[in-house]
Structures are given as structure tokens and as C-alpha cells.
2 protein chains.
Amino acid sequence: MPRTPREPRETRLRQGSRQRREHEKQELRQAIRDAAATLFETHGYEGFSLRQVAEEVGYTPTTIYLYFADKDALLFEIADEGFVRFGEQIHTAAAAVSNPVERLWAIGHAYLAFAEQNPVYYQLMFMQRSDFLLAKREGERRPRIDVLGIVRETVQAGMDDGLIRPGDAATFADGLWAVCHGIAALRISKLPFTAERASAAADMTLGAMLAGMRPATG
Amino acid sequence: MPRTPREPRETRLRQGSRQRREHEKQELRQAIRDAAATLFETHGYEGFSLRQVAEEVGYTPTTIYLYFADKDALLFEIADEGFVRFGEQIHTAAAAVSNPVERLWAIGHAYLAFAEQNPVYYQLMFMQRSDFLLAKREGERRPRIDVLGIVRETVQAGMDDGLIRPGDAATFADGLWAVCHGIAALRISKLPFTAERASAAADMTLGAMLAGMRPATG
DNA sequence: CTCTTTCACTTAACAGTGTTATTTTATTGT
DNA sequence: ACAATAAAATAACACTGTTAAGTGAAAGAG
């Protein structure tokens with residue numbers, strides 16, 4: 001039989017109560033986060049309001065500040081969820097293909113698919129608040145997502161394999177990112193850029209770029 | 001001697017007065033427009049406020065509404081000035097080169113130069129309020145600027161000359177626009193995308209694209 | 001079981017924003 | 001000098017994010 005601590009029952013009760021309260025707090029925090037996410041997705045960046053979130057979740061606006069530092073912090077958490085989803089999709093798409101050039105193609109299309117399927121999130125993450133892209137979370141050092149890193153490594157692999165003309169892999173990666181971002185951004189902006197047109201432009205552009213990146217003796 | 005009209009002096013005075021008043025009105029309108037433009041350029045899209053414009057120009061906020069329908073109308077006029085400046089720069093750059101492929105290169109660099117030199121305007125015109133791009137002004141039918149048209153025609157000319165692989169000129173144009181917009185947008189977003197890096201990416205990307213667009217037997 | 005402290009939450013308020021209806025002021029026409 | 005007209009200002013509404021102060025209930029200590 002183990003020795004009984006000094007105040008076994010009381011402390012246990014105390015801790016249980018604390019735990020329960022903490023749990024409830026996290027639950028409300030999650031509820032706010034969820035309400036904010038859906039409200040953001042329907043109303044968009046400009047129409048997103050803290051007060052509406054409070055209304056939706058059934059509390060006064062000031063209560064939000066007990067769980068989030070300010071509007072930006074809440075917005076950042078929404079973006080952060082988008083970043084992990086984005087990262088997963090890019091990663092699985094990249095992992096499915098071994099040939100570096102084909103992998104670049106797959107990454108590009110996964111990128112554009114995310115933008116097409118989550119336009120409001122893409123807008124937040126890469127257009128209105130691209131500063132979030134580099135913002136490090138509490139404690140973490142490196143930013144949440146590193147698409148550019150994956151692309152750069154893949155380009156480098158292609159160069160090593162002789163599939164891509166030698167050069168600065170980082171610059172190639174920048175260019176590929178710019179191409180994808182450009183198509184995604186034009187598609188999302190309310191220009192007469194239909195899904196078909198964007199898709200055609202993407203295939204053409206990525207194709208031309210990857211073709212242009214081939215070694216001279218191709 | 002010509003016959004005197006019924007009320008020569010009075011009507012002339014009347015007209016003069018009216019003209020003067022109308023002139024003053026246009027002057028104030030212009031003053032508002034100018035103040036708005038500079039204020040917009042310093043404070044950016046999000047920090048741009050009608051009330052600050054009124055303050056700057058020395059009137060109450062409501063007076064602005066006697067000259068502009070609403071904030072959007074004022075913003076549109078600012079954007080519109082940007083569009084004409086942009087159009088001029090693109091046009092002169094395009095006119096300086098005859099070879100279609102070289103002209104595409106020149107247009108691309110003129111595009112990026114404008115974005116680099118007028119980031120706040122570019123942001124308004126092509127990022128935050130790209131809907132202005134298609135909005136037709138009072139009376140005019142077609143939208144203010146048609147970069148895509150120039151690019152498309154140049155691509156078509158390149159195809160006709162056998163310098164560009166046959167295909168859909170519109171899709172090629174879309175792709176080239178996307179590339180430029182992507183680089184400009186990434187550059188403007190506060191990412192660690194220095195001017196040199198953007199320039200290198202631009203040269204590489206446009207180069208690869210134009211190379212990839214060459215006929216097969218190149 | 002009572003008292004005190006702690007904590008979640010609300011109320012009230014401030015400083016802004018765009019926008020509208022109403023009222024004052026100045027200018028013009030008769 | 002007086003009436004019509006146009007320009008500008010006041011006051012107000014409905015919002016926004018955010019902060020300081022107050023309230024009420026639960027938790028901890030004696």
C-alpha cells in the first residue's frame with residue numbers, strides 16, 4: 001500500500017475542479033475559434049467582425065479578449081488552421097510522385113487546387129495577411145509553413161538528376177511560387193477568370209516554365 | 001453689326017457667374033481628389049479614411065458627399081488615375097520594341113517596374129480592388145485598361161511570325177499576366193522578397209516562359 | 001459554515017469609421 | 001429688399017475594435 005500524501009482527498013478534488021474549469025475554458029476558446037472560422041468564411045476578411053463572433057457564440061464582445069489578445073490573434077489562429085491544411089495537401093501531393101519535375105507539377109496543381117477550394121482562406125493566408133506566413137506561433141521558432149523549402153529542394157533534386165538546367169534553385173523556386181500565386185490570385189480576384197481559363201493558364205504556364213527549365217540539350 | 005440678343009448683358013453676366021461657380025466646384029472636387037490620393041498613398045488602403053480627407057481639405061465629412069457618391073467612388077477615381085499612368089507606361093514600353101518576343105519581355109518588365117515604383121497603387125488596382133479593373137466609368141463602355149489585350153495581340157503577332165509555338169494566344173497572355181502579377185504581389189506582400197530577389201525571379205521566370213513558348217524546332 | 005479572494009463575465013465608455021436627414025448659411029435671381 | 005437656390009455644417013445612426021471599471025458567482029481558507 002502506498003503512503004498517503006498529506007492531503008489526498010482535498011488536493012485531488014481541488015485539482016479536479018481546476019482541471020474541469022480549465023477544460024471548460026478551452027472548450028469556450030474552441031467554440032469562439034470555430035464560430036470565428038465559419039463567420040470568416042461566409043463574410044470574408046473585410047466583413048469579419050469581432051462583435052459578430054461574440055454575438056454568434058453568445059457572449060459580449062469583451063469576453064473574446066479573455067481568450068484572444070485581439071482581433072489579429074483570432075484571425076491568426078484561423079489562418080494557422082488554413083496553413084496546416086494547406087501544408088498537408090501540398091505534402092501528400094508531393095510525396096505521391098518521385099520524379100522531381102513531375103513532383104513540381106504535382107505541387108503546383110495541389111497549390112492551385114487548395115486556392116480553388118478554399119478561396120477565402122487563401123485570400124487571408126497569402127493575400128490580405130501574408131505577414132502571418134512568417135509570424136511564428138507562441139514558442140515555435142520557424143514559421144508554420146515552408147512551401148518554398150519543399151519546392152526549392154525538389155528543384156535542387158531535379159538539378160542533381162540532370163533534369164533541370166543548372167542554376168540557382170532558390171530563384172527557380174521563387175519563380176514557380178510566383179506563377180502559382182499569380183494564377184491563384186487572379187482567379188480569386190473577381191476578374192472574368194473562370195475555373196477552366198485558370199486551369200488552362202496553369203497548365204500552359206507551368207508547362208512552359210518546366211519546359212524552359214529543361215537542360216539546353218533537351 | 002450683328003443683331004443684339006434679347007438680354008445680352010444680363011445673360012452674359014449670369015453665364016459668367018455660373019461658369020465661375022462651376023469652375024470653383026470643379027476646383028474643390030479636384031482638391032478633394034488630390035488630398036485623397038496623397039493621403040491614400042501614405043496611409044494605404046486600410047488606413048484610408050473619408051473623414052481624414054475632409055479634415056485635410058478643410059471641410060466637414062458630409063461635404064465630400066456633394067462631390068463624390070461615396071468612399072468607393074473616391075477610391076475608384078484614385079485607382080483610375082493609377083490605371084492611366086500604368087497604361088501609359090506599358091504602352092510606351094511596348095511601342096519601343098518591334099520584335100514580339102522582346103516586346104513581351106519589355107511589357108513584363110514595365111509591368112513589374114510600375115508595381116515596384118507604385119506599390120500602394122498597384123495594391124489598390126490589382127489586389128484589394130481588382131473589381132475596379134472591370135468597372136466602366138460614367139458613360140464609357142469598355143473598362144479603362146486592357147493590358148491583357150496588348151499582351152494577347154503581341155503573342156498572336158509572335159505566333160504569326162513563327163517566333164512562338166502555335167496555340168491559344170489568350171491562354172499564353174493569361175499565363176504571362178499571372179507570372180507578372182504573381183511576382184508583383186509577392187514582392188508587395190511583406191515577405192522577405194527583396195527587390196533583387198524579385199528581379200532575379202522575374203528574369204528567370206519570364207525567360208523560362210518565353211523559352212518554353214518557343215516553337216519545338218528552336 | 002462563514003469569510004475572503006479569485007475569476008469569468010458584463011456594463012459603460014472611448015475613439016474611430018461610413019453614411020443620412022435636417023438645418024443653417026451664403027449666394028444668386030427677381 | 002426679398003425670395004429662391006445651392007453649398008456647407010450639425011446632429012445623428014449604426015457600426016467597428018478596444019479598454020477600464022464594476023458585478024456576481026464560484027473556489028479556497030479558517
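Every chain is numbered from 1, with letters handed out A, B, ... down the list of sequences.
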- [ ] Check the pair A/Arg103, A/Glu153 against salt bridge (Lys or Arg N to Asp or Glu O under 4.0 Å), reporting the backbone distance first and the verdict last.
- [x] CA-CA 11 Å; A/Arg103 186 187 290 171; A/Glu153 286 166 19; over 6 Å; no
Evaluate the salt bridge (Lys or Arg N to Asp or Glu O under 4.0 Å) criterion for residues B/Glu55 and B/Arg51: first the C-alpha distance (whole Å), next the side-chain angles of each, then the deciding distance (0.1 Å), finally the verdict. CA-CA 6 Å; B/Glu55 182 73 20; B/Arg51 291 178 115 105; over 6 Å; no
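Using a 4.0 Å heavy-atom criterion, one finds that B/Leu74 contacts no nucleic acid atom at all. Using a 4.0 Å heavy-atom cutoff across all strands shown, B/Tyr67 reaches sugar-phosphate atoms only and no base atom. Residue A/Thr60 is classed as a base contact, given a heavy-atom separation below 4.0 Å to a base.
Atom P of nucleotide D/dT23 and atom OH of A/Tyr59 are separated by 21 Å, given to the nearest angstrom. Taking atom CZ on B/Arg29 and atom P on D/dA6, their separation rounds to 18 Å, with Å as the unit. Atom CD in A/Glu46 sits roughly 15 Å away from atom C1' in D/dC15 (whole-Å rounding). Remark: P of C/dT25 and CG of B/Leu66 are 17 Å apart, rounded to the nearest angstrom. The distance from atom CD of B/Glu27 to atom P of D/dA7 is 15 Å, rounded to the nearest whole Å. Per the geometry, NZ belonging to B/Lys71 stands 14 Å off P belonging to C/dT20, to the nearest Å. Residue B/Glu55 contributes atom CD, which lies 13 Å from atom C1' of C/dG16 at whole-angstrom precision. Distance CD1 (A/Ile64) to C1' (D/dT19): 15 Å, rounded to an integer number of Å.
Proximity note for B/Tyr65 (side chain, C-beta onward) versus C/dT17, C/dT20, D/dA9: the nearest is C/dT20. For A/Arg51, the side-chain atoms get nearest to D/dT16 when compared with the rest of C/dT10, C/dG18, D/dT16. With C/dC9, D/dG17, D/dA9 as the candidates, the nucleotide lying closest to the side chain of A/Leu50 is D/dG17. For B/Thr62, taking side-chain heavy atoms from C-beta onward, the closest of the listed nucleotides D/dA11, D/dG17, C/dG18 is D/dA11. Nearest nucleotide to the B/Asp70 side chain, out of D/dA8, C/dT17, C/dT19: C/dT19.
The phosphate of C/dA8 (OP1 or OP2) has a side-chain N or O of A/Lys25 nearer than 4.0 angstrom. Residue B/Ser49 has no polar side-chain atom (N or O) positioned under 4.0 Å from OP1 or OP2 of C/dG16. Phosphate proximity of C/dT17 to B/Gln52: present, with a side-chain N or O under 4.0 Å from OP1 or OP2.
The side-chain tip of A/Arg129 points at the ring of A/Phe132 from less than 6.0 angstrom away and within 45° of straight on.
When atom types are taken as modelled, the side chain of A/Thr92 and the backbone of A/Glu88 share a donor-acceptor pair closer than 3.5 angstrom.
Aromatic ring centres of B/Phe86 and B/Tyr111 lie closer together than 6.0 Å.
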